[in-house]
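As the structure is a prediction and not an experimental result, all values here were calculated from the model. To find a chain, count down the sequence lines: A is the first, B the second, and so on, and within it residues start at 1.
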2 protein chains.
Amino acid sequence: MAIIGEITEKHRLSSPECKQQMMPVQDALDILHGKWKLLILMSLSTGPMRFKEIQRQVEGITAKMLSKELKDLEINELVQRTVYDTIPVAVEYTRTPYGNSLKKVIDELHAWGVQHRKRVMRRSN
Amino acid sequence: MAIIGEITEKHRLSSPECKQQMMPVQDALDILHGKWKLLILMSLSTGPMRFKEIQRQVEGITAKMLSKELKDLEINELVQRTVYDTIPVAVEYTRTPYGNSLKKVIDELHAWGVQHRKRVMRRSN
DNA sequence: CCGCATCCCCAAGGATACTG
DNA sequence: CAGTATCCTTGGGGATGCGG
């Protein structure tokens with residue numbers, strides 16, 4: 001029980017700094033939350049993409065969701081929308097430089113996902 | 001319009017590989033989704049932590065959610081739960097080595113959040 | 001102190017049909 | 001092709017209260 005008390009005390013002291021560390025993460029999650037946003041950004045990693053193209057790449061997303069998520073991403077300046085005045089209209093979506101700044105985040109998440117998948121495979125055998 | 005056709009064609013070709021890249025990310029998001037999981041993992045970065053301690057650090061989370069999220073994290077072996085047979089019982093949560101493997105992901109998200117906050121501040125002035 | 005049980009609400013998300 | 005509109009379901013999340 002003494003050990004518990006010690007541990008508790010130790011971390012209560014470091015609490016304020018911990019909260020400071022969390023705020024930025026909370027900010028990031030606010031913008032990137034949901035099932036789709038990061039996947040959409042990924043699909044734009046190779047270059048501009050049209051609506052249907054993105055929908056094909058991001059498996060399972062409905063037009064409604066894609067439309068909404070793209071709007072959100074545009075508001076946060078992670079994605080740019082360009083309309084070409086053709087018939088029928090063509091719309092291209094591009095990652096902005098700011099959107100590209102998420103590359104590392106996505107890369108790390110991807111790397112973790114890869115090894116996680118391996119791990120799950122291993123355990124299920 | 002020619003340019004559109006070209007762009008479309010180019011990326012349709014790279015589509016299969018893109019989907020491959022997305023699956024791991026989707027896996028990762030499945031485990032880490034929601035408002036709280038990453039924040040909880042962050043709060044455990046400095047060492048073992050008791051239930052109430054975590055709740056104090058993760059601002060705004062209710063006991064119910066914390067309980068549920070900790071269970072999920074335990075199932076996925078990112079967090080370990082230890083019960084001390086004291087009166088009243090004390091329960092400690094620790095990041096497993098596997099949970100620690102998410103450090104880079106969290107770090108990148110944190111780094112992005114920090115600069116995002118700066119950016120938002122700048123624009124609102 | 002560490003939760004679980006219950007009730008409740010709302011936003012996220014899905015299905016389908018439809019327009020310019 | 002690029003979405004909107006509508007309706008619907010699910011579950012994330014909050015509030016409160018209780019039990020070991």
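In this pair, B/Tyr98 and A/His116 present their aromatic rings parallel. The plane angle is below 30°, not in the 30 to 60° band.
Side-chain proximity of B/Val89 to the nucleotides D/dG20, D/dT6, D/dC1 is greatest for D/dG20. Across D/dG13, C/dC2, C/dG3, the shortest atom-to-atom separation from the side chain of B/Ala63 is found for C/dG3. With C/dC1, C/dG3, C/dG13 as the candidates, the nucleotide lying closest to the side chain of B/Val91 is C/dG3. Distance from the side chain of A/Arg56 is smallest to D/dC1 among D/dC1, D/dT4, C/dC1. Comparing D/dG3, C/dG13, D/dG13 against the side chain of A/Tyr93 picks out D/dG3 as the nearest. Nearest to the side chain of B/Glu69, among D/dC7, D/dC1, D/dG13, sits D/dG13. When distances run from any side-chain atom of B/Lys52 to the nucleotides C/dC2, D/dC1, D/dG13, the shortest one goes to C/dC2.
Remark: A/Glu59 CD is loosely packed, at most 12 non-hydrogen atoms of other residues, nucleotides or ligands lying under 6.0 Å away.
As a whole-Å value, the separation of B/Leu70 CG from D/dG13 P is 14 Å. Atom CD in B/Glu92 sits about 10 Å away from atom P in C/dC2, given to the nearest Å. In this structure, CE of A/Met65 is placed 4 Å from P of C/dG13, rounded to the nearest angstrom. Atom CD of A/Gln55 and atom C1' of C/dA15 are 13 Å apart (whole Å). Rounded to a whole Å, the CZ atom of B/Phe51 is 10 Å from the C1' atom of C/dC4. In this structure, the CH2 atom of B/Trp36 is 8 Å from the P atom of D/dG13, given to the nearest Å. Counting to the nearest Å, the P atom of D/dT6 and the NZ atom of A/Lys64 are 12 Å from each other. The nearest whole Å value for the distance from the NZ atom in B/Lys68 to the P atom in D/dA15 is 16 Å.
Between A/Thr62 and C/dG13 there is no side-chain N or O to OP1 or OP2 distance below 4.0 Å. Between B/Arg50 and C/dC1, a side-chain N or O to OP1/OP2 separation shorter than 4.0 Å is absent. For the OP1/OP2 pair of D/dG3 and a distance below 4.0 Å, the side-chain nitrogens and oxygens of A/Arg81 include at least one atom meeting the criterion.
The side-chain contact (heavy atoms from CB on, under 4.5 Å) with A/Val79 is formed by just one residue from the set A/Thr96, A/Thr94, A/Leu41; it is A/Leu41.
Classification of B/Arg95 and B/Glu77 as a salt-bridged pair fails, no side-chain N sitting under 4.0 Å from a carboxylate O. Taking a cutoff of 4.0 Å between a charged side-chain nitrogen and a carboxylate oxygen, A/Arg56 and A/Glu53 qualify as a salt bridge.
Under the 4.5 Å side-chain criterion, counting only non-hydrogen atoms from C-beta, A/Leu32 is in contact with A/Leu78.
Connection of B/Met23 to B/Val25 is not established within any shared hydrophobic cluster, with ILVMFWY side chains joined at heavy-atom distances below 4.5 Å, either directly or through further cluster members.
Take the nearest nucleotide of DNA chain C for A/His33 and for B/Lys71: the residue whose nucleotide is more 5' is B/Lys71.
With pairs defined as Watson-Crick or G-U wobble and both atom distances under 3.5 Å, the stems of at least three pairs that touch DNA chain D come out as C:3-20 with D:1-18.
The two residues B/Gln55 and B/Thr62 have their closest heavy-atom pair at NE2-C, 3.9 Å.
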